[in-house]
Every structure is written in C-alpha cells, then in structure tokens.
Amino acid sequence: MASPRLETFCCPNRDAATQLVLDFQPQVYGSLCFGSGLLSLLLTIVQLLPKTMQGYRRHGRSMFPKPSSSRILFLVIVCDLLGCLGILIRSSVWISSSGFISNMSLMNSSDIWPSTFCVGSAMWIQLFYSASSWWLFCYAIDAYLVVRRSAGISTIVLYHMMTWGLALMLCIEGVAMLYYPSVSNCENGLEHAIPHYVTTYAPLLIVMFVNPILFRRTVAAVASLLKGRQGIYTENERRLGTEIQLRFFKIMLVFMICWTANIINETLLFYLEMQPDISTDQLKNVRNAALITWFIMGILNPMQGFLFTLAFYGWTGWNIDFNFRQKEAVLERVSTSTVTEAAHNGTNGSFLDYPGYIQNQNKTEIGNSQRTDDALSILSEGSDASTIEIHISSELPNLDDIEADEESLENEEA
C-alpha cells in the first residue's frame, strides 16, 4: 500500500502508533500486499493488451491520433503500475527477510542496506502514486478546457511539467523534513512528520475535493455543447451526456474506494500519536479500527490501476490478439485508402473530423463541428455511446474484407 507511514518505518526511533501497525502480523500483511499487487499488475496488463478482431469496433481506435485526455488516462494507469511494482518488490523483500525490519531499528547498525532499501522503495511508491493523483487532476482540468474549447496542442507538455515537477518536489521536500538530520537519527516530534504527511496527502485531497467540482462544471457545459451540434437535444445527445456523467462518476468512485481507507487510517494513527499511552483499554476500539483500515489499504491501494482500467475502458476480455501489428497494418492501409478516396471525391467523410489525417482547405467551415466532436469523443471515449464509435462506424471495413486483405498480404509475403 501507499502511506506516509512507509517512510516513518525507516526511522529507528519511530513513534508508538507506527510501531503498532508495523508489529501486527507483518508476514501476513506483506503477503496480502504482494498478492493484491500481483493480481492487479497481471489484470491491468491483460486489460491494456490488444484484443482480437471481434472487439475491433471497441478497441480498434488505438490506431487513431490520441487526444491529450486519452494520453492522460493512460499515464494514470502507467503510474499506478509502477507504484504497484514498487509495492511488489518491497513486499517480497519483507516476506523473504524476516529480520529486515528489526535491522532498521538498530540505531548504530553498520548495515545500511535495510535503511537504503526502505527509503528508496517508499519514495518510489509515494512518487508514482502521487504522480497518478496529479494526472487525474490534470484530466479533470483538461476535460473542462476541452469543453470550453481552450485546450491546445502544447497543453500536454504543461501537464507533464506540472505533474512530475510537483510530485518530485513534494516527495523530496517531505522526505527531507522527515529524515532530518539523518535516517539513522530522525528527529522526534510532529513538527517533522506533519510536513511529510501534508506533501503526501495534498494531491489525494485535491483530487477528492476539486475534481468533483471540475467534473460537475464540465457535465453542465456538455448539455449546451450537445445542443450546439444540431440545435436540438435528442435522445442520442441525452444518452451521450449520461455516459459522460457516468464516466466521471466511475473515476471518482474508484479513487474514493482506493484511498478513503488511507485518510481514515492516518487520522486514527495521528490521534493515537497524540496520546501519552496508546495501550490503554479506552483506546482499544481506535487501535482495532486502525489495524483494520491498515489491512484494507494493503488490498485496495495496489488494485487502483486495474480498477481504473475498468472505469476507463470497461472489461476488455481475455481474447488477446498476438498478431495485432499485422492486423493494424492492414487496417491502416484500408483506412488510408478510404480517407484518400474521400479526399479525391471532395466529400467530408467522418475521418475528416480527426486532426492529423487530412488538412482540408475548408477546415474553417467545419472547425466548430470538429472541435465539438473532438470534445465529445474525448469525454466519452471508452463508453458505448462514444462519438468516436458513432463517427467511424460507417467507415470501418467489413471484417470479411479485412480477413481477405490479410490473406492476400500473406500470399504476397510468401
């Protein structure tokens, strides 16, 4: 799991509340984190792998230029995968080395490996899960700007600068305050721990409280954007608006499920830290609640990447396509010929709505419609009502034709 307590573990003179969760069934807890992380890692990879042609209409859009919001969602999953990988490595070391944690408790130990690994793995996990939260915040901003038609091509560069800059700065600053003057001799007192907790939970709290506001404003603007397409608000537009709203809800639901336990657990442990003696009977329920939420964190935090793939794309199935590159080449050849034919005929085919394929001389006439379709396709990507699917459904080649093209391609190669 990802918690500021991870860095506190590395201090030999850790507080009583941190020692409480550290000493409670460490092998069981490490095994739980490892199992949850491994399951999440494998399922996430299966979700992202290309699928067979039966799912082309749903997953074949990867061949089209990706808007910034789609890339942001992919980066969210990548950061979650890297954070989950850190949890797997750390948990495997804790399980295999029973004396690993006890060695960190030795003030004058000459073995620096336990402390080095503890600090490095904790910073790795915090960095990538913090970056994941910042990317989600950027997604909310980008969705709002797209609806307002204010997002440009260079916006993704600014998102990279903001996400990685803030994640690195907050991670280094919080750890530096916590380990002052050194890892082997951390200063006691909340004045050193609080800055670290603030830098860890700042991106989480921003996503929890700011993203719903941005999503709500985006959904409110979608209705007027849909009406502006044809001047009417039909059942299709209403269904698409509902899909977009549901998409935002699923994103926030997954985030809340995965991280609410962290907020509750940290509040309980912080309350225990302020008590002179945490072993009293009056604090028994608080201790039990802290331990329960501690184990819940170990299950849910590593699962965030997989749960986000379900929220973004739905369940993509087990039919992995190992010949994806060859089929993609055929599809690109067929699609390019379709676009070229449309261009020579002077028609405004639906592929013209995608920037990067054809620079139409009459783009000023379709500019407003294109921006509207791009905005809706970004917001609804992954849903059954996606405007991407609506636009390209009539242009997709028949599966039989694709298979025939593949056979002819194989014959040419032979």
Side-chain angles (χ1 to χ4, degrees), residues 1-11 14 18 68-69 71-87 89-90 115-145 151-152 154-187 189-211 213-214 255 258-259 262-263 265-266 270 297 301-302 304-305 308:
M1 54 84 203
S3 169
R5 297 285 165 178
L6 290 174
E7 286 88 349
T8 312
F9 287 171
C10 309
C11 293
R14 61 184 71 94
T18 301
S68 58
S69 292
R71 283 178 284 177
I72 290 174
L73 295 180
F74 180 74
L75 288 170
V76 169
I77 298 174
V78 170
C79 290
D80 287 334
L81 281 176
L82 292 174
C84 183
L85 181 63
I87 292 178
I89 297 174
R90 187 208 65 198
S115 297
T116 302
F117 177 80
C118 181
V119 175
S121 61
M123 290 185 64
W124 175 279
I125 294 170
Q126 179 188 344
L127 174 65
F128 284 106
Y129 276 113
S130 176
S132 175
S133 298
W134 285 118
W135 277 120
L136 277 177
F137 178 60
C138 291
Y139 173 75
I141 295 176
D142 191 74
Y144 179 74
L145 292 179
S154 62
T155 309
I156 188 68
V157 179
L158 299 178
Y159 293 154
H160 274 287
M161 295 172 61
M162 183 180 77
T163 297
W164 297 113
L166 287 174
L168 283 170
M169 182 185 68
L170 292 178
C171 181
I172 294 174
E173 180 183 0
V175 169
M177 291 291 296
L178 180 66
Y179 294 144
Y180 177 83
S182 66
V183 178
S184 60
N185 189 25
C186 303
E187 287 282 351
L190 293 177
E191 65 273 9
H192 293 278
I194 288 180
H196 173 59
Y197 296 155
V198 171
T199 56
T200 302
Y201 283 109
L204 294 180
L205 295 175
I206 288 176
V207 173
M208 283 184 175
F209 293 102
V210 179
N211 274 34
I213 297 176
L214 292 174
F255 190 82
C258 291
W259 297 106
N262 293 61
I263 303 297
N265 179 264
E266 197 58 52
F270 186 78
M297 290 162 54
N301 288 174
Q304 179 178 247
F308 267 140

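Residue numbers run from 1 in the order of the sequence given.
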Item to check | Atom of Val175, atom of Gln126 and distance for their closest heavy-atom approach | outcome: CG2-OE1, 4.4 Å

Checklist outcome for this item: Those residues at least two apart in sequence (or on a different chain) that pass side chain to side chain contact (heavy atoms under 4.5 Å, CB included) with Ala131 are Cys79, Thr163, Trp164, Ala167

Checklist outcome for this item: Sorted by chain and number, sequence neighbours left out, side chain to side chain contact (heavy atoms under 4.5 Å, CB included) with Val198 holds for Ile194

Item to check | Partner residues of Val78 under the side chain to side chain contact (heavy atoms under 4.5 Å, CB included) criterion, sequence neighbours left out | outcome: Phe74, Leu82

Checklist entry - Which pair of heavy atoms, one from Tyr129 and one from Asn301, lies closest together, and at what distance? => result OH-O, 3.4 Å

Next on the checklist: Testing the basics here: between Leu214 and Tyr144, what is the closest heavy-atom pair and its distance to 0.1 Å?
Outcome noted: O-CD1, 4.4 Å

Checklist entry - With Thr199, which residues qualify under side chain to side chain donor-acceptor pair (under 3.5 Å), at least two apart? => result none

Checklist entry - So, for Ser121 and Arg90, which heavy atoms are closest and what is the spacing to 0.1 Å? => result OG-CG, 3.9 Å

Checklist outcome for this item: Closest non-hydrogen contact found for Ser133 with Val207 is O-CG2, 3.2 Å

Item to check | Set of side chain to side chain donor-acceptor pair (under 3.5 Å) partners for Thr18, sequence neighbours left out | outcome: Arg5, Asp15

Checklist entry - Can you list the residues that meet the side chain to side chain contact (heavy atoms under 4.5 Å, CB included) rule with Ile263, with sequence neighbours excluded? => result Tyr201, Leu205, Met208, Thr267

Next on the checklist: Checking Asn265 now: which residues fulfil side chain to side chain donor-acceptor pair (under 3.5 Å) with it, not counting sequence neighbours?
Outcome noted: Thr293

Checklist entry - Below 6.0 angstrom between ring centroids: does that apply to Phe308 and Trp135? => result no

Item to check | Which residues share a ring pair (Phe, Tyr, Trp, His ring centres under 6.0 Å) with Phe128, sequence neighbours left out | outcome: Trp124

